[in-house]
**Student:** 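Could you have a look at this structure, given as structure tokens, before my questions?
Just so we're clear, the structure is a prediction, and the values are computed from it rather than from any experiment. By convention in this document, chain letters (A, B, ...) are assigned in the order of the sequence lines, proteins followed by strands, and residues within each chain are numbered from 1.
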Number of protein chains: 2
Amino acid sequence: MARTINERADVVPLIAEVFREFGYEGASLSRITEKTGLGKGSLYHFFPGGKEEMATAVLADVDQWFERFVYEPLRQDDPASAVAGMWAAVDGYFRSGGRVCLVGAFALDGTRDMFSDAIDGYFRRWIEALRDALVRHGRGDKAATMDAEEAVFGIQGALVLARALRDPSLFGRALKRLQLRLGV
Amino acid sequence: MARTINERADVVPLIAEVFREFGYEGASLSRITEKTGLGKGSLYHFFPGGKEEMATAVLADVDQWFERFVYEPLRQDDPASAVAGMWAAVDGYFRSGGRVCLVGAFALDGTRDMFSDAIDGYFRRWIEALRDALVRHGRGDKAATMDAEEAVFGIQGALVLARALRDPSLFGRALKRLQLRLGV
DNA sequence: CCGAATTTGTACCAGTCGGTACAAATTATA
DNA sequence: TATAATTTGTACCGACTGGTACAAATTCGG
């Protein structure tokens, strides 16, 4: 019938927003069609696997972003500037606390079992990349692991709390605090 | 038809488990029926307001538990022992990372808007009670607030990460770390 | 400009959702 | 034991769920 300018890649971030806002179960196809402007025909053309494939695509998209702007720099760049870049990237990505972590949200309920590999990989590689940078910066192996874990779960908790209290500014405060703790 | 030993109060924790496991949207009445062994008739007898009233009751139950075993001691008991008691209570309540925070889970998706007062109050009173204890212990006002915030969002983030990585032991490590940070 | 491939809207499906109605069964009161 | 109040199972409701089928519209290759 019609050809719009939408490619699959253009739609993924829109679908991501719906998942972020309502969770996997709450993200109904009707809400997704509403947000994307695509009918079921187009949606199932792009994602023959339906809702599950949409979520997989969204998770892959998120993963790709972090891989490129966070993990890879942590592994390759100068440790100090890579870590500094991480805090900036994270603050930007989560809109200074106004946005929630989709992977963290999926992890909390039964959705996790559907996407456990993607969810596990996202956090594991984040922690490993950060630990790697800390070690290269001179921190001991054990301490670096703990520090990396603390930074990552600190970010997740700050997102939860900022949203629960409807106080995005808490996220910025928390990032500052975590940054100081890391001492890099 | 039948009279079982179930009182409303006995059913609430069971319903809580369903919400914890599947989230608000994913907790269907059929799952709740299955878990509790109660038919719709009984369920709507106890909770005329339906699913929403069940969630309200569950949140009130959680709140009551924390008020009694965490907030109240923090406000009234000797600061050092109350804070120590908090870590023990939290570790026990969340089953050393094997259990998720229902309030945190609700906070992350669209469910928050339905129960924002309960969610907001749970975290706000927790932080305030902890700050209060820290101040009585000699910490300055500003620093105590930051410390309290960090402890609470640290716990939340540790729960997210422990579940995401399927590694409950991470929660214990995190609690230890947060406890040291607090220095009480 | 024509035919093939792609893209899309719409109607429809069975299943499940939360919720209601109500009679039957059980318990409590006397 | 008779009766009133409580508790419960079940059938049913309209709405919505994710998903399928398919023909019409559009775009693209020649």
**Student:** Not counting sequence neighbours, list each pair that qualifies as a ring pair (Phe, Tyr, Trp, His ring centres under 6.0 Å) and has a residue in residues 74-103 of chain A.
**Tutor:** W65(A)-Y93(A), F66(A)-Y93(A)

**Student:** Looking at R125(A) and D63(A), does any basic side-chain N land under 4.0 Å from a carboxylate oxygen?
**Tutor:** yes

**Student:** Specify the separation, in whole Å, of atom CZ of F47(B) and atom P of dT8(D).
**Tutor:** 12 Å

**Student:** Between A27(A) and G41(A), which residue's closest nucleotide on DNA chain D lies nearer the 5′ terminus?
**Tutor:** A27(A)

**Student:** Nearest of dT17(D), dT8(D), dC17(C) to any side-chain atom of S28(A)?
**Tutor:** dT17(D)

**Student:** What integer distance in Å separates L38(A):CG from dG18(D):P?
**Tutor:** 16 Å

**Student:** Mind checking the OG-CZ spacing from S42(A) to F47(A)? Nearest 0.5 Å is all I need.
**Tutor:** 11.0 Å

**Student:** Given atom CD of E7(A) and atom P of dT7(C), what is their separation to the nearest angstrom?
**Tutor:** 7 Å

**Student:** Between S116(B) and D113(B), do the side chains contain an N or O donor and an N or O acceptor separated by less than 3.5 Å?
**Tutor:** no

**Student:** Does any donor-acceptor pair link the side chain of K40(A) with the base of dG19(D) at a separation under 3.5 Å?
**Tutor:** yes

**Student:** Take the protein atom CG of L43(A) and the nucleotide atom P of dT20(D), then report the distance between them rounded to whole Å.
**Tutor:** 13 Å

**Student:** For the pair made of CZ in R31(B) and C1' in dT17(D), what is the distance, rounded to whole Å?
**Tutor:** 13 Å

**Student:** Measuring to OP1 and OP2 of dT17(D), would you say a side-chain N or O of S30(A) lies under 4.0 angstrom away?
**Tutor:** yes

**Student:** Within the pair H45(B) and dT7(D), is there a side-chain N or O less than 4.0 Å away from OP1 or OP2?
**Tutor:** yes

**Student:** CD of E25(B) versus P of dT17(D): gap in Å, rounded?
**Tutor:** 10 Å

**Student:** Taking only the side-chain heavy atoms of S42(B) (C-beta and beyond), determine which of dT20(D), dG9(D), dT17(D) contains the nearest atom.
**Tutor:** dG9(D)

**Student:** For the pair made of CZ in F46(B) and P in dT6(D), what is the distance, rounded to whole Å?
**Tutor:** 13 Å

**Student:** Sequence neighbours excluded, which residues qualify as side-chain hydrogen bond (donor to acceptor under 3.5 Å, both in side chains) partners of D132(A)?
**Tutor:** R136(A)

**Student:** Report the distance from atom CZ of F22(B) to atom P of dT17(D), rounded to the nearest whole Å.
**Tutor:** 20 Å

